[in-house]
Amino acid sequence: MKFHYLLVDDLVGKEEFERRVEEKVAGSGDLLDERTAAMLVVKDLGRAHIRVRDLPAASSLVCFFAKVLSVGEPKEFERPDGTTGLVANVMVGDETGKARLTLWDEKAGAVHELEPGDVLEILGRPKGGGRLPDVTAVAVQEAACEISCPEETDASVLPEPGGDLEVRIIAAESPRTFTRRDGSTGEMVEAVIGNETGVFRLVAWAPDVLLGMEAGTNVVIHGAVPRENDQGIEFSLGEAGSVSPSDREITVPMDTVADVEEGGSYSLAGTIQSIQPPHSFIARSGRQSSVRNLVVADETGEMPVVIWGEKAEEHLVPGDRIEVYNAGARRGRYGDLELHLSWGSALVVLAEEEKEVEVVGTIIATAQGVCIDTGDACFLLAEQLPVGYEVRVRGTVHRGVITISHMEAAPPDPEDLQRRLDHFSRRP
């Protein structure tokens, strides 16, 4: 009964739940067992079992039936605090798809009791996105129902905790200094990695292991240690770990705006339609941080995106083609669905060629910086110039920024000046 109560403990108290279960059993003339009655009470309260295909868009706690397809060996690993943990992976599935079930510590120690073909009732928390959903097991028990599903597995693309990870480096930050418990300092690098199973955060405690491994590189990471947290699974790479190039083409599945549902984690590509300047604020930690709002569109629609932290300060302009990885979907202040980029997320600006341009306009100051306003467009300037002058410039433009190679004063065009005066004189 406790197993099913966890699904509705935010709706009713334990005593009330048990009373309803007892009523179900009594009302059936004792034809229902306690487990079946508990499932019916859960359904009455608006919660129900889901299918594997619905896991990526599910809430933080779900229940589903699945057949065991394969059972991995439990692996020991050392946590950052020096304690030893245990983790094991079990591939499960139903007729709608397959998922990876991750068991930690004592649950991983009991994984030898499972065999392929067993049918389980699983209470778990979906973590991250990707072709194969990843579910952290909260509770598991045998089930008597029948499930038919494809028996084959594709374990070659799964990140094996504690073993080798074959992934693409999506983004890597610059090394930063941290203070150890003994007061000494060290360096670390945070990166976002991904493969066909999803997107993950990687923390390298010896930055040299990622030396020369640029974003977009396919690699094999040896000796990464997993750690579970509220945002999913991250991997920690110590001094004993290593990284080597991979010859395999690795594809990270991308979602569309139409795929986004509340509570999920998504990666998608799109074009910036509009963007606001970053805003500074003081975080709970007392440090200054930034937040920025923009709207991204793809062929299926538009989506508000909120960028937190240092990523908010990156140079972005309308028209930029970007990719966002591991962004969480949740409701905004006014109830609209938004994608949020923060911890464990990545923002990639797709390359764009420089273009030769010659424009005439007025130097003005904006919230984004000093620009040249042509009347039809506004370009940021790579170097500061006095505001208010009418100039003709030649140079190269890249992502809305002009690097000037030649500049000269441009006398006002009398006809253009008259058009502007007429325009203002007609305004109420």
Side-chain angles (χ1 to χ4, degrees), residues 56 127-134 157-161 164-176 188-205 207 209-222 224 226-227 229 231-237 241-257 259-260 264-272 294 296 298 303 305-316 320-329 339-352 399:
K127 299 289 185 180
R131 184 174 60 85
L132 293 176
D134 194 315
V157 297
L158 293 176
E160 187 68 30
D164 291 346
L165 298 171
E166 196 168 11
V167 296
R168 174 152 57 94
I169 297 178
I170 296 171
E173 299 182 1
S174 300
R176 62 183 179 88
M188 60 176 288
V189 169
E190 295 181 73
V192 177
I193 57 176
N195 60 17
E196 292 85 347
T197 70
V199 178
F200 309 91
R201 180 174 180 255
L202 173 72
V203 180
W205 300 100
V209 300
L210 291 178
L211 194 63
M213 302 296 176
E214 299 180 352
T217 304
N218 297 330
V219 300
V220 179
I221 301 175
H222 312 275
R227 184 168 69 91
N229 48 54
Q231 287 76 25
I233 296 174
E234 72 171 49
F235 291 91
S236 179
L237 189 63
S242 62
V243 179
S244 59
S246 171
D247 295 329
R248 187 170 73 84
E249 184 63 31
I250 297 172
T251 302
V252 178
M254 301 297 284
D255 305 294
T256 66
V257 168
D259 296 325
V260 178
S265 179
Y266 298 91
S267 301
L268 58 84
T271 302
I272 296 179
L294 54 93
V296 171
D298 65 10
M303 175 63 60
V305 176
V306 183
I307 308 175
W308 299 89
E310 295 180 0
K311 299 180 185 69
E313 299 292 340
E314 185 165 345
H315 168 62
L316 297 169
D320 274 347
R321 288 279 300 165
I322 64 172
E323 293 176 341
V324 299
Y325 292 89
N326 215 23
L339 282 178
H340 287 249
L341 278 77
S342 55
W343 184 93
S345 304
L347 170 66
V348 177
V349 181
L350 302 180
E352 179 183 292
R399 297 179 55 218

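Small disclaimer: the values here were computed from a predicted structure and weren't measured. Note that these values count all heavy atoms, side chains included, but never hydrogens, waters or copies made by symmetry.
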- Note on the structure: Across all chains, not counting sequence neighbours, the side chain to side chain donor-acceptor pair (under 3.5 Å) partners of Thr271 are Arg321

- Scanning both residues in full, the closest heavy-atom pair of Asn218 with Arg248 reads ND2-O, 3.2 Å

- Item | Distance (rounded to the nearest 0.5 Å) between Ser265 OG and Asp255 CG | 8.5 Å

- Distance, nearest 0.5 Å, that separates CD1 of Ile322 from CD1 of Ile307: 6.0 Å

- Query: Which atoms form the tightest heavy-atom contact between Ala204 and Val209, and what is the distance?
  - Reply: CB-CG2, 4.0 Å

- Query: If every non-hydrogen atom of Ala346 is compared with every non-hydrogen atom of Ile170, which pair is closest and at what distance?
  - Reply: CB-CG2, 4.0 Å

- Residues that Ala327 engages under side chain to side chain contact (heavy atoms under 4.5 Å, CB included), provided they are two or more places apart: Leu339, Leu341

- Task: Return the set of residues passing side chain to side chain contact (heavy atoms under 4.5 Å, CB included) with Ser244 (not counting sequence neighbours), or none when no residue passes.
- Result: Val220, His222

- Side chains of Asn326 and Ser345: donor-acceptor distance under 3.5 Å anywhere? no

- Message: If the condition is side chain to side chain contact (heavy atoms under 4.5 Å, CB included), which residues does Thr217 pass it with, not counting sequence neighbours?
- Response: Met213, Glu214, Val219

- Query: Any sub-3.5 Å donor-acceptor pair from Asp320's side-chain atoms to Ile272's backbone N or O?
  - Reply: no

- Please tell me if the side chains of Glu166 and Asn195 come closer than 4.5 Å, counting only heavy atoms from C-beta onward. no

- Query: Excluding sequence neighbours, so at least two apart, what forms salt bridge (charged side-chain N to carboxylate O under 4.0 Å, His left out) with Glu190?
  - Reply: Arg176, Arg201

- Item | Derivation of the side-chain contact (heavy atoms from CB on, under 4.5 Å) call for Glu323 and Leu350 | CA-CA 7 Å; Glu323 293 176 341; Leu350 302 180; 3.7 Å; yes

- Derivation and outcome, side-chain contact (heavy atoms from CB on, under 4.5 Å), residues Leu316 and Leu347: CA-CA 11 Å; Leu316 297 169; Leu347 170 66; 4.0 Å; yes

- Message: Between Phe235 and Ile221, is the side-chain contact (heavy atoms from CB on, under 4.5 Å) condition met? List the steps.
- Response: CA-CA 10 Å; Phe235 291 91; Ile221 301 175; over 6 Å; no

- Task: Might you point out which heavy atoms bring Val257 and Asp298 nearest each other, and give the distance in Å?
- Result: N-OD2, 2.9 Å

- Of all heavy-atom pairs between Leu210 and Ala191, which one has the smallest distance, and what is that distance? CD1-CB, 4.4 Å

- Query: Among all residues two or more places apart in sequence or in another chain, which pass the side chain to side chain contact (heavy atoms under 4.5 Å, CB included) test with Glu310?
  - Reply: none

- Query: Should Leu268 and Asp259 count as side-chain neighbours, where that means a heavy-atom distance under 4.5 Å?
  - Reply: no

- Task: State, with a plain yes or no, whether a side-chain heavy atom of Glu173 is found less than 4.5 Å away from one of Lys311.
- Result: yes

- Item | Name of the residue among Val199, Ile193, Val243 meeting side-chain contact (heavy atoms from CB on, under 4.5 Å) with Val167 | Ile193

- Message: For Ser342 versus Trp308, what's the shortest heavy-atom pair and its separation?
- Response: CB-CB, 4.1 Å

